K.L.:
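Can you keep this structure in mind? I'll have questions shortly.
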Amino acid sequence: MRVCFRSSVQPSLIGEYKRRHAAVWPEMLAALKDAGWNNYSLFLGDDGLLIGYVECDDFGAVRARMALADVNARWQAEMASLFDNPDQAPDAGFQVLEEVFNLDDQLAAAEATAS
């Protein structure tokens, strides 16, 4: 499944957010991969809008697997002060967006109909 989510970084802390993500801890990278986060990207706007994209088997399952990783708790604690709601772990504030269009899916459906 493909999942897109949004969150918000405090605009005044965007530089720090970028600095921390330029060198994510190797054990955090390994935990994400081991938990099933594939083709994972984050996109950040000048206003602090953060958009994430991940491909996974089940978003709830990969989030649950990350919740079991000690490194994730440490990473979330390190990152919390950079977000609009610093009293909440950043990954708890993800707002999942509905996918309303996918080119490959529609092309496959059109080809199936034409056959």
Side-chain angles (χ1 to χ4, degrees):
M1 81 185 310
R2 296 176 296 265
V3 179
C4 182
F5 58 86
R6 70 177 301 258
S7 191
S8 295
V9 174
Q10 293 183 51
S12 63
L13 299 174
I14 287 174
E16 180 62 16
Y17 183 89
K18 288 180 179 181
R19 185 189 69 75
R20 292 184 191 183
H21 278 80
V24 173
W25 307 333
E27 63 182 315
M28 183 62 175
L29 299 173
L32 286 162
K33 194 64 173 169
D34 291 346
W37 292 66
N38 300 304
N39 200 23
Y40 180 33
S41 295
L42 294 170
F43 303 87
L44 184 59
D46 292 340
D47 61 353
L49 174 64
L50 180 70
I51 300 293
Y53 174 84
V54 63
E55 295 173 0
C56 57
D57 55 352
D58 175 282
F59 192 54
V62 298
R63 290 180 76 184
R65 290 192 289 268
M66 278 307 292
L68 297 174
D70 291 337
V71 68
N72 187 56
R74 292 193 318 271
W75 180 261
Q76 297 305 318
E78 282 283 319
M79 298 303 295
S81 65
L82 304 178
F83 284 79
D84 284 344
N85 185 354
D87 297 329
Q88 168 180 292
D91 63 352
F94 292 166
Q95 297 173 3
V96 175
L97 304 176
E98 177 185 4
E99 183 177 23
V100 296
F101 173 80
N102 179 275
L103 177 61
D104 293 336
D105 289 350
Q106 289 206 17
L107 287 172
E111 288 175 13
T113 302
S115 299

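Treat the numbers as computed from the prediction; the structure is a model and nothing was measured. We number each residue from 1, following the sequence as shown. Below, all heavy atoms of this structure are taken into account, side chains as well, without hydrogens, waters or symmetry copies.
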K.L.:
Answer yes or no: is there an ion pair linking Arg65 with Asp58, defined by an N-O contact shorter than 4.0 Å?
P.N.:
no
K.L.:
How long is the gap from OH on Tyr53 to OG on Ser41, to the nearest 0.5 Å?
P.N.:
8.5 Å
K.L.:
State, to 0.1 Å, how close Ser115 and Glu111 come at their nearest heavy-atom pair, and which atoms those are.
P.N.:
OG-O, 2.9 Å
K.L.:
Mind checking the SG-CZ spacing from Cys4 to Phe94? Nearest 0.5 Å is all I need.
P.N.:
11.0 Å
K.L.:
Count the heavy atoms of every other residue, nucleotide or ligand shown that sit under 6.0 Å from CG of Asn39, and state whether that count exceeds 12.
P.N.:
yes
K.L.:
Do the side chain of Gln10 and the main chain of Ser81 share a donor and acceptor less than 3.5 angstrom apart?
P.N.:
yes
K.L.:
Does a donor on one side chain and an acceptor on the other come within less than 3.5 Å for Gln76 and Asn72?
P.N.:
yes
K.L.:
Can you tell me how far CG of Asp34 sits from CG of Leu29, rounded to the nearest 0.5 angstrom?
P.N.:
10.5 Å
K.L.:
For the residue pair Trp37 and Val54, what are the closest heavy atoms and their distance?
P.N.:
CE3-CG2, 3.6 Å
K.L.:
What's the spacing between Leu82 CG and Ser12 OG if we round to 0.5 Å?
P.N.:
9.0 Å
K.L.:
Run Met79 and His21 through side-chain contact (heavy atoms from CB on, under 4.5 Å) and show every step you take.
P.N.:
CA-CA 10 Å; Met79 298 303 295; His21 278 80; 3.1 Å; yes
K.L.:
Would you say the side chain of Leu44 lies within less than 4.5 Å of the side chain of Ile14, judging by non-hydrogen atoms?
P.N.:
yes
K.L.:
How would you list, by chain and number, every residue that makes a salt bridge (charged side-chain N to carboxylate O under 4.0 Å, His left out) with Arg63, sequence neighbours excluded?
P.N.:
none
K.L.:
If you apply the rule side-chain contact (heavy atoms from CB on, under 4.5 Å), what do you find for Trp25 with Trp75, and how did you get there?
P.N.:
CA-CA 9 Å; Trp25 307 333; Trp75 180 261; 3.7 Å; yes
K.L.:
Before giving the answer on side-chain contact (heavy atoms from CB on, under 4.5 Å), spell out for Met66 and Met28 the whole-Å C-alpha distance, their side-chain angles and the decisive distance to 0.1 Å.
P.N.:
CA-CA 9 Å; Met66 278 307 292; Met28 183 62 175; 3.7 Å; yes
K.L.:
Minimum heavy-atom separation for Asp47 and Leu49, please, with both atom names.
P.N.:
OD1-N, 3.0 Å
K.L.:
Do Arg20 and Glu16 meet the salt-bridge criterion of a basic N to acidic O distance under 4.0 Å?
P.N.:
yes
K.L.:
If you compare all heavy atoms of Val62 against all heavy atoms of Cys56, which two are closest, and at what distance to 0.1 Å?
P.N.:
CG1-CB, 3.7 Å
K.L.:
Could you walk me through whether Phe59 and Phe5 pass side-chain contact (heavy atoms from CB on, under 4.5 Å), step by step?
P.N.:
CA-CA 11 Å; Phe59 192 54; Phe5 58 86; 4.1 Å; yes
K.L.:
If we check side-chain contact (heavy atoms from CB on, under 4.5 Å) with Arg6, which of these qualifies: Val96, Leu50, Ile51?
P.N.:
Ile51
K.L.:
Determine, step by step, whether Arg2 and Asp104 satisfy the salt bridge (charged side-chain N to carboxylate O under 4.0 Å, His left out) criterion, reporting the C-alpha distance in whole Å, the side-chain angles of both residues, the deciding distance to 0.1 Å, and the verdict.
P.N.:
CA-CA 12 Å; Arg2 296 176 296 265; Asp104 293 336; over 6 Å; no
K.L.:
What is the distance from atom OG of Ser7 to atom CG of Asp84, rounded to the nearest 0.5 Å?
P.N.:
7.5 Å
K.L.:
Are side-chain heavy atoms of Phe83 and Leu13 found at a separation under 4.5 Å?
P.N.:
no
K.L.:
Establish whether Phe101 and Leu97 are linked, either directly or via other cluster members, by ILVMFWY side-chain heavy-atom contacts under 4.5 Å.
P.N.:
no
K.L.:
Would a 4.5 Å heavy-atom cut-off, applied to side chains only, mark Tyr17 and Leu42 as touching?
P.N.:
yes
K.L.:
Would a single hydrophobic cluster contain both Met1 and Leu32, if residues Ile, Leu, Val, Met, Phe, Trp and Tyr are joined by side-chain heavy-atom contacts under 4.5 Å?
P.N.:
yes
K.L.:
Between Asn38 and Gly36 (side chain of the first, backbone of the second, donor and acceptor by atom type, cut-off under 3.5 Å), is there such a pair?
P.N.:
yes
